[in-house]
Amino acid sequence: MQKTKEGFLSKISKAIAGKSTVDEEVLDNLEEALVSADVGVETTVRIINRIEERVARDKYMGTGELNQILKEEVEKILVDAPESTSYTFDSEMPAKPYIILVVGVNGVGKTTTIGKLAHNFKNAGKSVLLGAADTFRAAAVDQLTIWSERVGVPIVKQPMGSDPAAVAFDTAQSAVSRNSDVVLIDTAGRLHNKAHLMDELNKIKRVIQKFIPDAPHEVLLVLDGSTGQNALEQAKHFTAATDVTAMAITKLDGTAKGGVVLAIADQFKIPVKFIGVGEKATDLLVFDKHEFVDSLFN
Ligand code: GDP
């Protein structure tokens, strides 16, 4: 998160450089700075409007106060977004087996996130099962198999090109017979056709429900935090195609643009649950709003 923090702070200080009062020009610069930190136009405008209201109300605002006020506005956005802590790795899961369907476009870090989650759950003493239902790319099944070996958890898979729902069926069946605690099911991330995506995810859900009627317990959308507007577009598509219940935002170690987390929290009102900060199994953080705000401003 170091890069995000430095990027955010340096953009803000550039916006107010040489100015002692928050005026029209400072607000314009700040608007530009937030958009360039990937906060997104909609969310940026909301933040700027709120600051303008405060300037109008108080008649005067020094640029020295701006940091604190911006921090308060960012906090409000995150507090308005729903809490995400229905479980932690250590706590008892709300259901057993707890089925997490993982969705997202190829390349965003879906497989890596599944590997990291498996590692964390296993470390917390839970039995984990992986389901390789992204059967369209041989590499997807191979990568997930590598993670299953690395972490030491079983995987259910079929040859490339098999029906993803058939893999989901086998996975759910196996989870019940093994008495697994947590099941992570990878899905294909093809976005070119919303109806197709919707049908495929619905079919996967239906077959899982044959074994576990209230599953999936979570639909986790993985987004690449370094892709800004693309991540927001993907979030729009996936939330339109299925009931996304949580988000994981990856690659925040490699970008100075962590503002996308704010845009997502503000626009989708779906909890950001996990943050990816590297390629290793341990590089996954449970998202904490307060820590995030502190990391941006302190
Ligand atoms: P998938 O196609 O969505 O399953 O993507 P992968 O999990 O294969 O990840 C794509 C690439 O991104 C790989 O090289 C991963 O090592 C890398 N990656 C995934 N998550 C992170 C992260 O949080 N930080 C960094 N720096 N790289 C990541």
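Everything numeric in this text was worked out from a predicted model, so none of it was measured.
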* **Close side-chain approach of Leu129 to Arg178, heavy-atom, < 4.5 Å** => yes
* Asked: Is there a side-chain contact between Asp214 and Gln209, using heavy atoms and a 4.5 Å cut-off?
  -> no
* Given the rule that I, L, V, M, F, W and Y join up when any side-chain heavy atoms are under 4.5 Å apart, are Val141 and Val183 in one cluster? -> no
* Structure fact -> When rounded to the nearest 0.5 Å, the distance separating OG1 of Thr171 from CD1 of Ile204 is 9.5 Å
* **Test item: Lys251 side-chain N/O and Gly276 main-chain N/O as donor-acceptor pair under 3.5 Å** => no
* Asked: Nearest heavy-atom pair of Val151 and Gly115: which atoms, and what distance?
  -> CG2-O, 3.7 Å
* To do: Indicate the atoms forming the closest heavy-atom contact of Phe136 with Ala188, along with that distance.
  => CD1-CB, 3.6 Å
* **Over 12 foreign heavy atoms within 6.0 Å of CG, Asp28** => yes
* Donor-acceptor pair, Lys273 side chain versus Met247 backbone, under 3.5 Å? -> no
* Just do the side-chain contact (heavy atoms from CB on, under 4.5 Å) check on Lys71 and Val293 with the steps written out, would you? => CA-CA 7 Å; Lys71 182 177 172 184; Val293 175; 3.6 Å; yes
* Stepwise salt bridge (charged side-chain N to carboxylate O under 4.0 Å, His left out) test for Lys203 and Asp199 -> CA-CA 6 Å; Lys203 195 171 163 200; Asp199 286 350; over 6 Å; no
* At what distance, to the nearest 0.5 angstrom, does CD1 of Ile47 lie from CG of Leu70? -> 6.0 Å
* To do: Would you check if the side chain of Ser162 reaches a backbone N or O of Pro159 as a donor-acceptor pair within less than 3.5 Å?
  => yes
* Nearest non-hydrogen partners of Ala241 and Leu197, listed with the distance -> CB-CD2, 3.7 Å
* Asked: Is Leu27 reachable from Ile77 through a run of hydrophobic residues whose side-chain heavy atoms are each under 4.5 Å from the next?
  -> yes
* Asked: Is the Phe274 ring parallel, tilted or perpendicular to the Phe89 ring (thresholds 30°, 60°)?
  -> parallel
* To do: Look only at the side chain of Asp288 and the backbone of His290, and say whether a donor-acceptor pair between them is shorter than 3.5 Å.
  => yes
* For the residue pair Asn120 and Ala281, what are the closest heavy atoms and their distance? -> ND2-O, 4.0 Å
* Hydrophobic cluster identity match, Ile100 and Val272, side-chain contacts under 4.5 Å -> yes
* To do: Could you tell me whether the side chains of Asp224 and Ser226 share a donor-acceptor contact shorter than 3.5 Å?
  => yes
* **Identified side chain to side chain contact (heavy atoms under 4.5 Å, CB included) counterpart of Glu65 within the set Asn67, Ile69, Thr63** => Ile69
* To do: May I ask you to decide if the ring planes of Tyr98 and His217 are parallel, tilted or perpendicular, using 30° and 60° as cut-offs?
  => parallel
* Structure fact -> Value for CD1 (Ile208) from CZ (Arg206), rounded to nearest 0.5 Å, stands at 11.5 Å
* Verify whether one side chain among Ser127 and Asp181 offers a donor that lies under 3.5 Å from an acceptor in the other. => yes
* Asked: Is it the case that Gln229 and Asp38 place a side-chain donor and acceptor less than 3.5 Å from each other?
  -> no
* Below 6.0 angstrom between ring centroids: does that apply to Phe268 and Phe238? -> no
* Asked: Is there side-chain contact between Met61 and Thr21, with heavy atoms separated by less than 4.5 Å?
  -> no
* To do: Could you tell me whether a side-chain N or O of Lys96 sits under 3.5 Å from a main-chain N or O of Asn179, the two making a donor and an acceptor?
  => yes
* **Derivation and outcome, side-chain hydrogen bond (donor to acceptor under 3.5 Å, both in side chains), residues Thr135 and Lys157** => CA-CA 8 Å; Thr135 55; Lys157 59 183 176 181; over 6 Å; no
* To do: Could you tell me which non-hydrogen atom of Ala235 sits nearest to which non-hydrogen atom of Leu221, and how far apart they are?
  => CA-CD2, 3.8 Å
* **Connected via hydrophobic side-chain network under 4.5 Å: Leu130 and Ile146** => no
* Asked: Taking all non-hydrogen atoms of both residues, which atom of Ile185 and which atom of Ala133 are closest, and how far apart?
  -> CG2-CB, 3.9 Å
* Structure fact -> In this structure, CD1 of Ile275 is separated from CD1 of Ile249 (nearest 0.5 Å) by 5.5 Å
* Are the aromatic rings of Phe292 and Phe287 close, with centres under 6.0 Å apart? -> yes
* Asp266 side-chain N/O to Leu262 backbone N/O, donor-acceptor pair under 3.5 Å -> no
* Among Thr245, Val244, Leu117, whose side chain to side chain contact (heavy atoms under 4.5 Å, CB included) with Leu220 holds? -> Leu117
* If we only count heavy atoms from C-beta on, is the Leu184 to Val128 side-chain gap below 4.5 Å? -> yes
* Will you find, in the side chains of Lys110 and Thr250, an N or O donor that is under 3.5 Å from an N or O acceptor? -> no
* Where do Val277 and Leu284 land on the side-chain contact (heavy atoms from CB on, under 4.5 Å) test, with the steps shown first? -> CA-CA 6 Å; Val277 291; Leu284 184 79; over 6 Å; no
* Looking at Asn49, Ile51, Ile48, which hits side chain to side chain contact (heavy atoms under 4.5 Å, CB included) with Glu73? -> Ile51
* To do: Look only at the side chain of Lys126 and the backbone of Val182, and say whether a donor-acceptor pair between them is shorter than 3.5 Å.
  => no
* Under 3.5 Å, side chain of Ser148 to main-chain N/O of Thr145, donor-acceptor pair present? -> yes
* Hydrophobic cluster membership, Val35 vs Val39, 4.5 Å side-chain cutoff -> no
* Neighbour count >12 (heavy atoms, 6.0 Å) for atom NZ, Lys76 -> yes
* To do: Let me see the working for Asn29 and Lys14 under side-chain contact (heavy atoms from CB on, under 4.5 Å), right down to the final yes or no.
  => CA-CA 8 Å; Asn29 292 345; Lys14 270 193 207 129; over 6 Å; no
* Residue pair Lys236, Glu233: steps toward the salt bridge (charged side-chain N to carboxylate O under 4.0 Å, His left out) verdict -> CA-CA 5 Å; Lys236 272 188 203 142; Glu233 279 303 308; 3.5 Å; yes
* Is the closest side-chain heavy-atom distance between Leu223 and Ile264 below 4.5 Å? -> yes
* Above 12 or not: heavy atoms from other molecules or residues under 6.0 Å from NZ of Lys280? -> no
* To the nearest 0.5 Å, tell me how far Leu101 CG sits from Thr242 OG1. => 7.0 Å
* To do: Drop me the distance from Leu66's CG to Arg54's CZ, to the nearest 0.5 angstrom.
  => 10.0 Å
* Side-chain contact, heavy-atom cut-off 4.5 Å: Thr112 with Trp147? -> yes
* Salt-bridged, Asp142 to Arg137, with N to O below 4.0 Å? -> no
* Asked: Can any side-chain N or O of Lys116 pair as donor or acceptor with the backbone N or O of Glu279 at less than 3.5 Å?
  -> no
